[in-house]
Amino acid sequence: MTKTIAHNDRRAATASLASDRAQSSRVPMIIFYVLLTIIVLMYSAPSIGVLLASLKSTAEIAEVGVWAIPRSFELTNYVEAWNGGNAGIYIRNSFFVTIPATIISISLGVLAGYTLSKLKFRGSNALFIFFVAGLFFPPQIALIPLFRLFNDLGLYDTLWSLILIHIAFGIPICTLILKNFFAAVPTAIREAAIIDGANEWQILTRLMLPLSLPALAVLTTLQFTWIWNDFLWPVILIRSDEMRTVMVGLASLKGQYSVAYGVQSAMAVYASIPTLLVFVFFQRYFIRGLTFGSVKG
Amino acid sequence: MTRTTYRWAALFLALPLAVYIAFVVFPLLSSFYYSLTDWNGFDVNYNFVGLANFEKMFSDRLFSNAIGNTLIWTVAAIIVPTGGGLALALVLHERGIFANIYKSMFYLPIALALAVIGQIWLWIYQPNWGLINATLRNIGLENLAQAWLAKPQFALLAVILAWSWQQTALSMVIFLAGLTAIPQELIEAAHIDGANYFQRVRRVIVPLLAPASVVVIALAVINSLKSFDVLYVMTRGGPFHSSDNLAMFMYNESFQKYNMGYGSAIAVVLFLITLAVIAVYFRQSAQVERLYD
């Protein structure tokens, strides 16, 4: 009884608080949103600028500058970036690296994450820390030995080197997220399947994988974005133009098109479209992945 | 654990472990080995030079310059994205549908590559028609307009600002998740007790955000140590090495001058700095955890 009263009291207090806020704050609310809009516009200016520049001809940019609103929307820069700037080849290379590296790094993470959460053995926690430690270290530390290794393997200046790198460097985050996900799946499910005669491979592929779709979605968005956006490894391991990924292609475009700002921005837009699409359609998973571990519980 | 389970565990772990050791752990540790040599990157033969590469650092002004710049970047990483991200999160948290649309606009830089971001910010700093100088001229501050990236005193800060643009968005996302986890009653109780907005933020919300803050700061510091793309696109460490950080300096020594032995020694220093950051991070998060249990 007292509990209900206390509850009602609080509800009443909250309700009056809410109406207070609504009455006293209509004008401040408008000011708040005007200020917020200005901040949003300032914050988005860099992205909007690139989009605007990509839609203007070189002559128009020379006349009114990169940042002005285009008079008519022209797609000539996009055509030029595709034909003269090799955008098609760069984008194809990026996909050739990103798709297999994303899938395989997650698959290896599934194997490690499942084993370290459900098939625990002495030392499995230490092994988990060993896997996750890789998350913290700047990849630059391994740069020179890997440069040498790929030279010795004959994989320098091939996309294979990038695929292998991104599989290996993806293992820590994939193991971390999947281990924690599998740990939350009730062990009773696994035990019931064992009684039914299933082996670990069957349990993993038929039982655990379907359950882990949300975690797989989180990892796919994260891995795809990171691998696609990577710049360091192709700078180090790729030399020839036809092997470049789109990020390095973008940076190398400056020479040939050093003042063709419209073509440069069209290339920047091309380079960003795949990750932006992933971001727009899977934002929920992307954000969940980014905030993973930051909130307790 | 039966024997078959052990066998499955070994089978499942074999491939991930082999790939991880071969392409991450082993190369990482090999840097220690190369740091004791004078390897030039392509010769089969090289000599062991002991600690000569590390001794060289003490007299190398470019090295101390890179260390100093890395430190500046780290300090900026602790302050700018954390403060900006917190402010944005507080402003946007639970403000209805409008704010949710705005939130997506703030998320956007996270999806962009740092190489693209560097490209965009080159145009913001462009001397003739760049956004900053154009704005300064329009509001009558023409004498402040200058070639930002060509000035040694501004280049590093300009790159850090561009980098912070993305890092702030990342911090905001984490703070927003942290805010969602704070029980609404605590804030309302403070409100009823007469605490105004700023008191509520300072005394209730910020202390309760401690776990998120630890993650935000650790992430920013580690990302600042890794930062290379944005620097490469914008200044390549110039002008006159004024914006070199350790990662850039190491790249220049190893892949421009082909001093791979010296480059490996720089990598070892980067490794030790990272180790120190991780130690601080785990101590802080353990402390926060004890406080909240």
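Bear in mind that the values here come from a model prediction, so they are computed numbers and not experimental data. Throughout, protein chains are lettered first and strands after them, A, B, ... in sequence-line order, and every chain is numbered starting at 1.
In this structure, chain B has heavy atoms under 4.5 Å from both the backbone and the side chain of A/Leu36. At a 4.5 Å heavy-atom cutoff, the contact between B/Leu92 and chain A is made by side-chain atoms alone. For A/Trp201, the parts lying under 4.5 angstrom from a heavy atom of chain B are both the backbone and the side chain. With a 4.5 Å cut-off on non-hydrogen atoms, B/Ile124 touches chain A through its backbone and its side chain both. Both the backbone and the side chain of A/Glu200 come within less than 4.5 Å of a heavy atom of chain B. Proximity to chain A (any heavy atom under 4.5 Å) is shown, for B/Trp165, by both the backbone and the side chain. There is no contact between A/Leu35 and chain B, counting heavy-atom distances below 4.5 Å. For A/Thr225, the part lying near chain B is the side chain, with the backbone staying farther off; criterion is any non-hydrogen pair under 4.5 Å. Residue contact with chain B, scored on non-hydrogen atoms closer than 4.5 Å, is absent for A/Ser124. Of the atoms belonging to A/Leu204, it is side-chain heavy atoms, and not backbone ones, that fall under 4.5 Å from chain B. Contacts between B/Ile222 and chain A at a heavy-atom distance below 4.5 Å involve the side chain alone, from C-beta outward. Neither the backbone nor the side chain of A/Ser107 comes within contact range of chain B, judged by heavy atoms closer than 4.5 Å. Only the side chain of B/Leu170 comes within less than 4.5 Å of a heavy atom in chain A; its backbone stays farther off. Looking at A/Leu135, the atoms closer than 4.5 Å to chain B (heavy atoms on both sides) all sit in the backbone: N, CA, C or O.
Ring geometry for B/Tyr6 versus A/Phe121: interplanar angle of 30 to 60°, hence tilted.
Heavy-atom pairs under 4.5 Å with chain B peak, among A/Asn151, A/Val235, A/Ile165, at A/Val235. Of the residues considered (B/Trp123, B/Trp39, B/Tyr251), B/Trp123 shows the highest number of contacts with chain A, using heavy-atom pairs under 4.5 Å. Note: B/Ile278 leads B/Thr180, B/Val269, B/Ile278 in heavy-atom pairs under 4.5 Å with chain A. Heavy-atom pairs under 4.5 Å with chain A were tallied for B/Leu270, B/Thr4, B/Asp229; the largest tally goes to B/Asp229. Of the listed residues (A/Ile144, A/Ile104, A/Leu111), the greatest number of heavy-atom pairs within a distance under 4.5 Å of chain B belongs to A/Ile144.
Side-chain contact check for A/Leu276 versus B/Leu108: some heavy-atom pair is nearer than 4.5 Å. Using a 4.5 Å heavy-atom cutoff, the side chains of A/Phe231 and B/Val233 are in contact.
When atom types are taken as modelled, the side chain of A/Asn229 and the backbone of B/Ala111 share a donor-acceptor pair closer than 3.5 angstrom.
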>> Checking B/Phe106 against A/Ile39 for the side-chain contact (heavy atoms from CB on, under 4.5 Å) test, could you report, in this order, the C-alpha distance in whole Å, the side-chain angles of both residues, the deciding distance, and whether it holds?
In response: CA-CA 10 Å; B/Phe106 284 110; A/Ile39 296 172; 4.0 Å; yes

> Given B/Lys226 and A/Leu232, is the side-chain contact (heavy atoms from CB on, under 4.5 Å) satisfied, shown in steps?
Replying inline: CA-CA 10 Å; B/Lys226 288 180 184 175; A/Leu232 175 69; over 6 Å; no

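Scanning residues 42-50 of chain A against chain B with a 4.5 Å non-hydrogen threshold yields A/Tyr43, A/Ser44, A/Ala45, A/Pro46, A/Ser47, A/Val50, sorted by number.
Between the CH2 atom in B/Trp8 and the CD1 atom in A/Ile203 there is a gap of 9.0 Å [rounded to 0.5 Å]. To the nearest 0.5 Å, atom CG of residue A/Leu51 and atom CD1 of residue B/Ile120 are 10.0 Å apart. To the nearest 0.5 Å, the span separating CD1 on A/Ile194 from OG1 on B/Thr5 amounts to 6.5 Å. Put simply, OH on A/Tyr261 and CH2 on B/Trp129 are 5.0 Å apart, with the number rounded to the nearest 0.5 Å.
The heavy-atom pair separating A/Pro138 from B/Thr274 by the smallest distance is CD-OG1, 3.3 Å. Heavy atoms only, all atoms of each residue included: B/Met250 and A/Gln140 are closest at CE-O, 3.4 Å.
Partners of B/Phe271 according to the ring pair (Phe, Tyr, Trp, His ring centres under 6.0 Å) rule, which considers only residues two or more places apart in sequence or in another chain, are A/Phe137, B/Phe32.
In this structure, A/Phe286 has its ring center at least 6.0 angstrom away from the ring center of B/Tyr107.
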Could you pull out every donor-acceptor pair under 3.5 Å between side chains of residues 259-268 of chain B and any protein atom, sequence neighbours left out?
residue, atom, partner, partner atom, Å
B/Asn259, ND2, B/Glu253, OE1, 3.0
B/Tyr262, OH, B/Asp60, OD2, 2.7
B/Ser264, OG, B/Met260, O, 2.8

Tell me which donor-acceptor pairs under 3.5 Å the side chains of residues 12-31 of chain B have, and how far apart each pair is, sequence neighbours excluded?
residue, atom, partner, partner atom, Å
B/Tyr20, OH, A/Phe130, O, 2.8
B/Tyr20, OH, A/Phe131, O, 3.1
B/Tyr20, OH, A/Gly134, N, 3.1
B/Ser30, OG, B/Phe26, O, 2.7
B/Ser31, OG, A/Ile141, O, 2.5

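Within a 6.0 Å sphere centred on CZ of A/Phe150, heavy atoms belonging to other residues, nucleotides or ligands number more than 12.
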